[in-house]
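Values below: all heavy atoms of this structure, side chains included; hydrogens, waters and symmetry mates excluded.
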Amino acid sequence: MSTAVDSPRAGDRAYAALLEEIQSGALPAGAVLAEAEQAERFGVSRTPLREALRRLVADGLAVQQSPRVTVVAALDADDIRSLFEIRRALEETAARLAAQRGDRDAFAALAAEFSHVDLAGDAGRDAYYALIARLDAEIDASHGNDYLTSALRPVRTHLVRVRRMARDKPARLAASASEHLLIARALAAGDAELAAHATHVHLHNALTGILESLQNEGTP
């Protein structure tokens, strides 16, 4: 039996590990996050483990079903539609402001990378999602609105779970890469309206593809 040795950041470690497992699907919707089991698994005491679970509940990634039972939150079609409603409002605004205020050379460099993405295999897809994260970070740095960045952070946390539904669909991934290329080029050109419109089209297509995937999964 292992002995828990807590550090000041034990709760952060447990939270990060559970977050990654929820986002990756290793802990699916409905999975019970038992305090004793998870504390033993991560080598921490129950106090930092409870802290991690409270953070997951606050993020909407877990649900407290009773004082002693916490489970991974479900993510159904209605949840995804709601997520995309707020995502569309925030990301279109962020793109518009970034086009007006950002470093065009930085966006041009990102556009060049999007024009050469290789989506073959897990490594290629991982690199593609990392490139999207870099584009998001450059947009955040460019628009300069801390409130907007803070509002987008939890949306993107949930989005990682949603993206798994498109990961194994080559046609959708290829279309998504083209859409991101257009967004990056609009930002590089400083075209605020095109950047916002390209973001709108990308989000519309992404939502449509994800809802189709859910519908197909439910088809006998």
Side-chain angles (χ1 to χ4, degrees), residues 9-35 37-39 41-44 48-65 69-88 90-91 94 117 119 121-140 149-170 172-173 176-177 179-180 202-203 205-214 216-218:
R9 302 187 65 81
D12 291 339
R13 288 193 294 105
Y15 171 81
L18 288 168
L19 174 63
E20 191 281 328
E21 291 181 350
I22 292 171
Q23 290 179 324
S24 70
L27 285 172
V32 177
L33 303 175
E35 284 186 11
E37 176 188 339
Q38 301 301 330
R41 195 158 68 94
F42 297 124
V44 301
L49 195 281
R50 289 188 190 115
E51 174 194 330
L53 293 180
R54 282 195 295 269
R55 289 175 64 184
L56 291 170
V57 170
D59 290 343
L61 295 167
V63 177
Q64 194 79 46
Q65 288 192 335
V69 179
T70 305
V71 301
V72 177
L75 191 64
D76 61 20
D78 287 339
D79 295 323
I80 293 169
R81 288 189 187 95
S82 296
L83 176 65
F84 270 76
E85 285 176 358
I86 188 64
R87 186 185 175 201
R88 183 179 295 124
L90 295 173
E91 291 201 2
V117 293
L119 297 172
D122 286 341
R125 290 189 285 271
D126 287 343
Y128 171 58
Y129 286 121
L131 180 57
I132 294 173
R134 287 166 53 205
L135 176 63
D136 287 342
E138 187 63 36
I139 290 172
D140 289 346
T149 299
S150 296
L152 273 166
R153 189 174 297 115
V155 174
R156 289 172 177 159
T157 297
H158 286 278
L159 181 61
V160 177
R161 295 181 76 190
V162 175
R163 277 180 175 154
R164 292 200 317 272
M165 301 174 186
R167 185 179 176 92
D168 297 322
K169 298 185 178 302
R172 176 59 209 144
L173 279 176
S176 176
E179 291 158 9
H180 276 103
H202 167 65
L203 296 180
N205 291 341
L207 176 59
T208 298
I210 289 164
L211 293 179
E212 287 176 353
S213 295
L214 283 177
N216 291 338
E217 286 176 5

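Under a 3.5 Å cut-off, the side chain of S82 and the backbone N or O of D78 do form a donor-acceptor pair. Judged by distance alone, the side chain of Y128 and the main-chain N or O of V117 form no donor-acceptor pair under 3.5 Å. Judged by distance alone, with hydrogens and angles left aside, the side-chain atoms of H180 form no donor-acceptor pair with the main-chain N or O of H202 at under 3.5 Å. Counting only distance, with no hydrogens or angles, the side chain of Q23 and the backbone of T157 share a donor-acceptor pair below 3.5 Å.
Contact record, L152 with A94: CD1-CB, 4.2 Å, taken as the closest heavy-atom pair. Scanning all heavy atoms of the two residues, the minimum distance from I22 to L61 falls at CD1-O, 4.2 Å. Between H158 and D59, the closest heavy-atom pair is NE2-O, 2.7 Å. Considering every non-hydrogen atom in both G11 and A52, the closest pair reads O-CB, 3.8 Å. In terms of heavy atoms, L119 sits closest to A177 at CD1-CB, 4.4 Å. Between L49 and A39, the shortest heavy-atom contact is CG-N, 3.9 Å.
Side-chain contact check for I80 versus L214: some heavy-atom pair is nearer than 4.5 Å. You'll find the side chain of L211 reaches within 4.5 Å of the side chain of R81, heavy atoms only. Residues E212 and T208 are in side-chain contact: their nearest non-hydrogen atoms beyond the backbone lie under 4.5 Å apart. Counting heavy atoms from C-beta outward, I132 and D136 have side chains that approach closer than 4.5 Å. At a threshold of 4.5 Å between non-hydrogen side-chain atoms, the residues F42 and L18 count as touching. Residues V72 and R161 form a side-chain contact, since some pair of their non-hydrogen atoms from C-beta on lies under 4.5 Å apart.
Taking OG1 from T70 and CG from L53, the interatomic distance works out to 5.0 Å, rounded to the nearest 0.5 Å. With values rounded to the nearest 0.5 angstrom, L203 atom CG is found 12.0 Å from E85 atom CD. Once rounded to the nearest 0.5 Å, the distance linking CZ of R41 with CD of E37 reads 7.0 Å. Summarising the geometry, atom CD1 belonging to I210 is positioned 10.5 Å from atom NZ belonging to K169; distances are rounded to the nearest 0.5 Å. Distance check: E179 CD to N205 CG gives 4.5 Å after rounding to the nearest 0.5 Å.
Within the cation-pi definition used here (under 6.0 Å to the ring centroid, within 45° of the axis), R87 qualifies as a partner of F84.
A salt bridge links R156 to D140: at least one charged side-chain nitrogen sits closer than 4.0 Å to a carboxylate oxygen. Checked for salt-bridge contact, R55 and D12 meet the test: a charged N lies under 4.0 Å from a carboxylate O.
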